[in-house]
Amino acid sequence: MEQLSMNLLGAAFFLYLAATIFYTVSVTGRKWRDKKGEMTGNNWGKLGYISSILGVASALGYFFTRWAVAGHAPVSNMFEYTAFFAITLSLAFVILYGIYRVNVLGLITMPVVMIMIAYASVFATEVQPLQPSLQSHWLEIHVITTALGQGILAVSFGAGLIYLLRTIDLKRKGMTKRTFGVEFIMYTLISALAFIILSNVFGAMDYEANFAYIDENGEQSEKLYELPPIFGPNEGELLTEDRMQPWIEMPDWIVSEDLNTVVWAFGTGLILYALLRVLTRRRVGALLQPLFKSVKPQTVDEISYRAIAIGFPVFALGGLVFAMIYAQIAWTRFWGWDPKEVYALVTFLFYAAYLHLRLNRNWHGEPSAWLAVIGFAIIIFNLIFVNLVIAGLHSYA
């Protein structure tokens, strides 16, 4: 059953890939336009939508079969949570696409879903027993609702990015704040791809470096690096022979192996980004810009706003209200300023501010798109950096 579950997730990945290809053909197929520039006879978007729906169905099959195997909702570690986050994003896309029928939204959203599934697969995929503090039905209520809210909010990122790529002139010489911002988004997406490639390359080489160190409780412990150690653990001693020594030792409140991974990902991403710029002699955003010529900015602006208007209350329920109830049951206090709790509050306040500012027409369009992109960056920062690098009660991956 566990293998069936993983096969269903693998099938979902390839269905999302097929959807990406179909949406790409639907957007780039100039022959589908008549003399007036209207789109006629282009059914590739429908094929993309069908593939997306089948992908969601397969991914949900993974989720419920894994739930049956584990005996609890599969959202208790980084692999399970990130995979479920990707599923909620694809589900939210399927619903919103059914309303607006914008093919370019699939062109952006489906690759993001695939990157998240690939990122999730870097972590241990075996079914694991629940820690005592996680053995509660509130785990399912709190985490599933939070992931669902974040998945809906993530659609606003895709729509916001399309708006920016559609409206900002990226071919102009000289770097402005706007072009720098778009290029930075491209760089972070390339860094995510770099991380997946890097992890698979070193995984294929069976690279491991084991350290003895002193943890945040002052106790002797061991930790395993799967990438060459630039940052070493607190008072660490390398136990594996023929491995490079770390350059910098981290304090005990930093999860050093995850910080090491983040630095490797962004460093490799920078090299890939620079190579792209040198080989094409154009900004990365400018390479994608022709795909969005036919997009109506007002439409993607509305999609972005609708996604946040729907996702915000769902996230507020899961990430704050249900989280506090669960914290009271698990740790006998509603709020403890744990790093994950703090950034959940930051995320809530940010989107609350977005909805408040959106009431003013001056914040429609490009300012709104920037906020949607920044909001998604906060969610990803909370998922990756806060959850993995900063030691806390939620560092269970």
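Scope of the values below: all heavy atoms of this structure, side chains included, with no hydrogens, waters or symmetry mates. In this text, all values refer to a predicted model and were calculated from it rather than measured experimentally.
A salt bridge (charged side-chain N to carboxylate O under 4.0 Å, His left out) with Glu183 is found for one member of Arg283, Arg277, Arg282 and no other, namely Arg277. Residue Asp301 is tested with Arg361, Arg166, Arg358 for a salt bridge (charged side-chain N to carboxylate O under 4.0 Å, His left out); the sole match is Arg358.
A donor-acceptor pair shorter than 3.5 Å can be found between the side chains of Tyr81 and Gln150. Counting only N and O atoms by type, the side chains of Tyr97 and Asn103 include a donor and acceptor under 3.5 Å apart.
No side-chain donor-acceptor contact under 3.5 Å links Ser221 to the backbone of Tyr213. Without hydrogens or angle criteria, Thr145 side chain to His142 main chain gives no donor-acceptor distance under 3.5 Å.
Inter-residue side-chain proximity for Phe22 and Ser52 is flagged as unmet; no heavy-atom pair is nearer than 4.5 Å. Looking at heavy atoms from C-beta onward, Ile87 lies in side-chain contact with Leu60 at the 4.5 angstrom threshold. Side-chain contact between Leu161 and Met186 is present, with heavy atoms from C-beta onward closer than 4.5 Å. A heavy-atom distance below 4.5 Å is not found between the side chains of Leu272 and Leu193. Contact check for Val155 versus Leu89: side-chain heavy atoms found under the 4.5 Å cut-off. Residues Ile196 and Asn200 are in side-chain contact: their nearest non-hydrogen atoms beyond the backbone lie under 4.5 Å apart. Side-chain atoms of Phe231 and Pro246, non-hydrogen and from C-beta on, never get closer than 4.5 Å to each other. Looking at heavy atoms from C-beta onward, Ile308 lies out of side-chain contact with Tyr305 at the 4.5 angstrom threshold.
The aromatic rings of Trp67 and Phe63 sit perpendicular to each other, their planes meeting at more than 60°, with 30° as the lower class boundary. Phe79 and Tyr62 have perpendicular rings, their planes meeting at more than 60° on a 0 to 90° scale where under 30° would count as parallel. Using bins of under 30°, 30° to 60° and over 60° for the plane-to-plane angle, the ring pair Tyr273/Tyr187 lands in the perpendicular bin.
Remark: Glu235 CD to Asp215 CG distance equals 10.5 Å, nearest 0.5 Å. To the nearest 0.5 Å, atoms CZ (Phe334) and CD1 (Ile329) are separated by 9.0 Å.
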- Test log, rule side chain to side chain contact (heavy atoms under 4.5 Å, CB included), inputs Trp363 and Tyr354: CA-CA 9 Å; Trp363 284 88; Tyr354 169 94; over 6 Å; no
Practice problem: Decide side chain to side chain contact (heavy atoms under 4.5 Å, CB included) for Trp337 and Leu345; before the verdict, give the C-alpha distance in whole Å, the side-chain angles of both, and the deciding distance to 0.1 Å. | Solution: CA-CA 10 Å; Trp337 297 107; Leu345 179 62; 4.2 Å; yes
- prompt: Between Ser256 and Lys223, is a side chain to side chain contact (heavy atoms under 4.5 Å, CB included) present by the stated rule, with each step listed?
  reply: CA-CA 9 Å; Ser256 56; Lys223 64 172 53 183; 3.7 Å; yes
message: Before you tell me yes or no, could you show the steps for Arg66 and Val127 under side chain to side chain contact (heavy atoms under 4.5 Å, CB included), namely the whole-Å CA-CA distance, both residues' side-chain angles and the distance that decides it to 0.1 Å?
response: CA-CA 8 Å; Arg66 190 176 178 93; Val127 173; 3.8 Å; yes
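For an aromatic pair to be called close, the ring centres must be under 6.0 Å apart, and Phe315 with Tyr351 fails this. Aromatic ring centres of Phe93 and Tyr16: separated by at least 6.0 Å.
For Thr240 against Glu208, the heavy-atom pair with the smallest separation is CG2-O, 3.7 Å. Ile248 and Met250 get closest at one heavy-atom pair: CG2-CE, 3.6 Å.
By the 4.5 Å side-chain criterion applied to Ile, Leu, Val, Met, Phe, Trp and Tyr, Ile214 is assigned to no cluster and stands alone.
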